[in-house]
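This report refers to the structure that appears directly beneath it.
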Amino acid sequence: MVVQQDLTILVHDSSPRYKDMRPQLQRFATLIKHPAGIHTFKMTPLTLWNAAAAGMCAEDITNTLEQYASWPIPTRAKQDIALWMGRYGLFILAGEDDAEALRLVCRDQNLLARFIHNSEIGTLFSGTLGADAVSVPAKFRGRLKKEFARIGYPVIDQVGYQDGESLVFALATAEADDAAFQLRDYQQEAVTAFTGGTHKLGGDGVIVLPCGAGKTIVGIGTMAQLQSETLILTSNTTSVKQWKREILEKTTLTDNKIGEYTGQSKEVRPITIATYQMMTYRHAENEEFIHMRLFHERNWGLIIYDEVHLLPAPVFRTTADLQATRRLGLTATLVREDGCEQDVFSLIGPKRYELPWRQLEETGFIAKVSCAELLVPMSAPLNERYIRAESREKARLAGENIDKLRVIKELLARHEKQPTLIIGQYLDQLRLIAAGIQAPLLTGSTPQEERQRLYEQFRNKEIDVLVVSKVANFAVDLPDATVAIQVSGSYGSRQEEAQRLGRLLRPKSDGRQAYFYTLVSEHSKEQEYAMKRQLFLIEQGYQYDIVKEEQLHEYGTAACADS
């Protein structure tokens, strides 16, 4: 391993120590490149602040790097690690959650004095409270944290939270011969990491767990511990119904206590489940978001942001005004393609708990998955069109390569009768594939009732193959899905890749492993996009076998080994 002065870390992925190094690096760095042989990790202010929030200090990080580094760590790198880690805890926001003004305390009086006279930051203060503190209007609580993070200074919020309206309920008890519902150890650890304890303030932040590991259960466990009315925001109507079903099954709450706030139904109850699409709906671009009032409809004690990496900008803006309410973010990956991870950190909270995907696989809590990138040649006419095309059209031409259908049929024959999802980006391509293999197609325009029917038929093994658009990227509970064939995607989206593989991660009843295939047009921009898409999963320990079409017959389907 080599640490460079710009805070990048180069690691030989074939090193026998890499299996030990990777989870250590994940605590304070993120993978940014993975050319053959060398993986490049990067430490950033945000990754270092999240490490600090988890209890690490600069010395912990430099000691870890020195343990594995082949050469001495540059002095500049050590200094920058100490600089960014040292800024965590420099500013502390204190006061009562119902007070009109809060107290921002700074350990560096000279720095605070500079900010007081700053033309932008200074407008957030309402007066000085001595040489080391200023007064901040409570209404600026979220804006202050966002602005300070933007200029490189995280603010630790110790103000506390309103309890909200009480809602008394319990986790479900045993019925007849069934065992009582219990959180797994790591799920309980996640709940405790969020809610805090005697010596650690909790009430905000993000829990990062892979799809199939029970993020919904963590949310339910948190609700049960806090015993307060809760607003849950999630990605789509299917997820709304899944949340309601899980809450009814795993708690003593009854149907009349749970409201669905969607296009079909707008019930506001002690537990209300809504979608991000509803919250950001408005009649015209320059009009108000008519459903944002839901944030203030009841005295919520907790807001759960499911799939928090999808949080849209208008909800971010409203969240800035909701800092007195406990906020729990749930996600499989904190990666955001829009670069707004910093806003999640400042407005929802730091990463409170994360468990590596392969660690959960090894313990049997998620399924083993074999990953392969299959290279499909482009025909001569298609290649000629591709060469002449503009950049964006190139991506579409490569994505819609008609010869992918031939490979799909071969994979379906290999995995005959196994529950298979074919996932893609382009609707014309998906219609052609669905017709070519005589399988049902599910897209964003499929009515909700039809979606539920198709999902149910897939779960009941009445259909083996389902062709789906991006609508199935998130929050779709299909536990027996064993094979996923990705035929096209959103350019280089790491987030999408993780979510699509996540469709396969629920443990199979018979213990069988799953298979994730990505079909990529050979010698095209799709290969570049594929390398970027795979970054997050390779960081988690997955390895993609690269297979040419002519090698497909001989390609074995053994489970992926660690990188």
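Values reported hereafter were calculated over all heavy atoms of this structure, with side chains retained and with hydrogens, waters and symmetry mates removed.
Side-chain atoms of H309 do not come within 3.5 Å of backbone N or O of A332 as any donor-acceptor pair. Between the side chain of S488 and the main chain of Q425, a donor-acceptor pair closer than 3.5 Å is present. Not one N or O on the side chain of E147 forms a donor-acceptor pair closer than 3.5 Å with the backbone of L144. Distance alone, capped at 3.5 Å, is enough to place a donor-acceptor pair between the R107 side chain and the G89 backbone. With hydrogens and angles disregarded, no donor-acceptor distance shorter than 3.5 Å links the side chain of Q5 to the backbone of R76. Listed for the Y491 side chain is no donor-acceptor partner under 3.5 Å among the backbone atoms of R392. A distance-only check finds no donor-acceptor pair linking the side chain of Y261 to the backbone of M278 [under 3.5 Å]. Put simply, the side chain of Q540 gets close to the backbone of W357: a donor and an acceptor are under 3.5 Å apart. Here the side chain of Q323 pairs no donor or acceptor atom with the backbone of R141 at under 3.5 angstrom. Of the possible polar contacts, none joining the N50 side chain to the T47 backbone as a donor-acceptor pair under 3.5 Å is found.
R317 forms no cation-pi arrangement with F295, by the criterion of a distance under 6.0 Å to the ring centre and an angle within 45° of the ring axis. In this structure, R533 is not positioned above the aromatic face of Y529 in the sense of NZ or CZ being under 6.0 Å from the six-membered ring centre and within 45° of the axis.
For the pair S239 and D306, the minimum side-chain heavy-atom distance is below 4.5 Å. Residues I61 and M43 are in side-chain contact: their nearest non-hydrogen atoms beyond the backbone lie under 4.5 Å apart. Side chains of K525 and S391 form a contact here, defined as non-hydrogen atoms less than 4.5 Å apart. Annotation: side chain of Y305 is in contact with side chain of T319 (closest heavy-atom distance under 4.5 Å). Put simply, the side chain of E229 does not reach to within 4.5 Å of the side chain of N299, judged on heavy atoms. L233 places a side-chain heavy atom less than 4.5 Å from the side chain of L231. By the 4.5 Å heavy-atom criterion applied to side chains, Q495 and L310 are counted as neighbours. T318 has its side chain out of reach of M279: every pair of non-hydrogen atoms, C-beta onward, lies at least 4.5 Å apart.
A distance of 5.5 Å separates CD of E496 from NZ of K470, quoted to the nearest 0.5 Å. Within the model, atoms CZ of R326 and CG of L302 stand 8.5 Å from one another, a figure rounded to the nearest 0.5 Å. Here the straight-line distance linking atom NZ of K351 with atom OG1 of T331 works out to 11.0 Å at 0.5 Å rounding. The line from CD1 of I73 to CD of E66 is 4.5 Å long, rounded to the nearest 0.5 Å. In this structure, CE in M21 is found 11.0 Å from CG in L65, a value given to the nearest 0.5 Å. In this structure, CG in L10 is found 5.0 Å from OG1 in T40, a value given to the nearest 0.5 Å.
When all heavy atoms of G205 and F194 are compared, the pair lying nearest together is N-CE1, 3.9 Å. Closest non-hydrogen pair, D108 versus N110, comes out as OD1-N, 3.1 Å. Between G329 and V308 the shortest heavy-atom distance is CA-CB, 4.0 Å. Contact detail for T30 and E539: the closest heavy-atom pair is CA-OE2, 3.2 Å. Between I9 and L25, the shortest heavy-atom distance links the atoms CD1-CD2, 3.9 Å. When every heavy atom of A498 is checked against every heavy atom of T333, the shortest pair comes out as CB-CG2, 4.1 Å.
R27 pairs by the salt bridge (Lys or Arg N to Asp or Glu O under 4.0 Å) definition with nothing, not counting sequence neighbours. E341 pairs by the salt bridge (Lys or Arg N to Asp or Glu O under 4.0 Å) definition with nothing, not counting sequence neighbours. Scanning for ring-ring contact (aromatic ring centres under 6.0 Å, His included) contacts around Y68 gives an empty result, with sequence neighbours left out.
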Task: Residues E497, Q486; criterion side chain to side chain donor-acceptor pair (under 3.5 Å); working and verdict - done: CA-CA 9 Å; E497 189 88 351; Q486 179 176 227; 3.0 Å; yes
- [ ] List the steps and the verdict of side chain to side chain donor-acceptor pair (under 3.5 Å) for Q225 and T195.
- [x] CA-CA 8 Å; Q225 187 158 327; T195 56; 3.0 Å; yes
Open item on the list: Go through it in stages, so that I can follow the logic: the residues are Q534 and E373, the test is side chain to side chain donor-acceptor pair (under 3.5 Å), and I'd like the CA-CA distance, side-chain angles, deciding distance and then a yes or no.
Closed with: CA-CA 10 Å; Q534 296 161 9; E373 178 184 315; 2.7 Å; yes
- [ ] Please lay out, stage by stage, how T216 and E246 fare under the test side chain to side chain donor-acceptor pair (under 3.5 Å).
- [x] CA-CA 8 Å; T216 304; E246 290 282 300; 5.7 Å; no
Task: Derivation of the side chain to side chain contact (heavy atoms under 4.5 Å, CB included) call for E361 and Y542 - done: CA-CA 11 Å; E361 179 187 287; Y542 291 91; 3.7 Å; yes
TODO: Would you check, one step at a time, whether the test side chain to side chain contact (heavy atoms under 4.5 Å, CB included) holds for M223 with I232?
DONE: CA-CA 10 Å; M223 290 161 53; I232 302 167; 4.1 Å; yes
TODO: List the steps and the verdict of side chain to side chain contact (heavy atoms under 4.5 Å, CB included) for Y18 and H39.
DONE: CA-CA 10 Å; Y18 188 43; H39 286 183; 2.7 Å; yes
Task: Intermediate values then yes/no, salt bridge (charged side-chain N to carboxylate O under 4.0 Å, His left out), R293 and E288 - done: CA-CA 10 Å; R293 63 176 183 270; E288 296 282 326; over 6 Å; no
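For K42, the NZ atom sits in a packed shell: over 12 heavy atoms of surrounding residues, nucleotides or ligands are nearer than 6.0 Å. Within 6.0 Å of CG on D185 lie no more than 12 heavy atoms contributed by other residues, nucleotides or ligands. Surrounding NE2 of H12 are at most 12 heavy atoms belonging to other residues, nucleotides or ligands under 6.0 Å away. Residue-environment remark: CD (E297) exceeds the threshold of 12 foreign heavy atoms within 6.0 Å.
For residues 314-347, the pairs satisfying ring pair (Phe, Tyr, Trp, His ring centres under 6.0 Å) are W49-F345, with sequence neighbours left out. Every pair tested for side chain to side chain donor-acceptor pair (under 3.5 Å) that includes a residue from residues 92-104 fails, sequence neighbours excluded, so the list is empty.
One finds no salt bridge joining D321 and R143 here, because no Lys/Arg side-chain nitrogen approaches an Asp/Glu carboxylate oxygen to under 4.0 Å. Between E362 and R358 there is no salt bridge, since none of the side-chain N atoms of the basic residue sits less than 4.0 Å from a carboxylate O of the acidic one.
With respect to F148, the ring-ring contact (aromatic ring centres under 6.0 Å, His included) criterion is satisfied by exactly one of F140, F115, Y153: F115.
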Donor-acceptor pairs are to be reported for all side-chain atoms of residues 122-132 against protein atoms at under 3.5 Å, with residues two or more places apart or in another chain.
unit_1	atom_1	unit_2	atom_2	d
T123	OG1	E120	O	2.6
S126	OG	S135	O	3.3
S126	OG	S135	OG	3.0

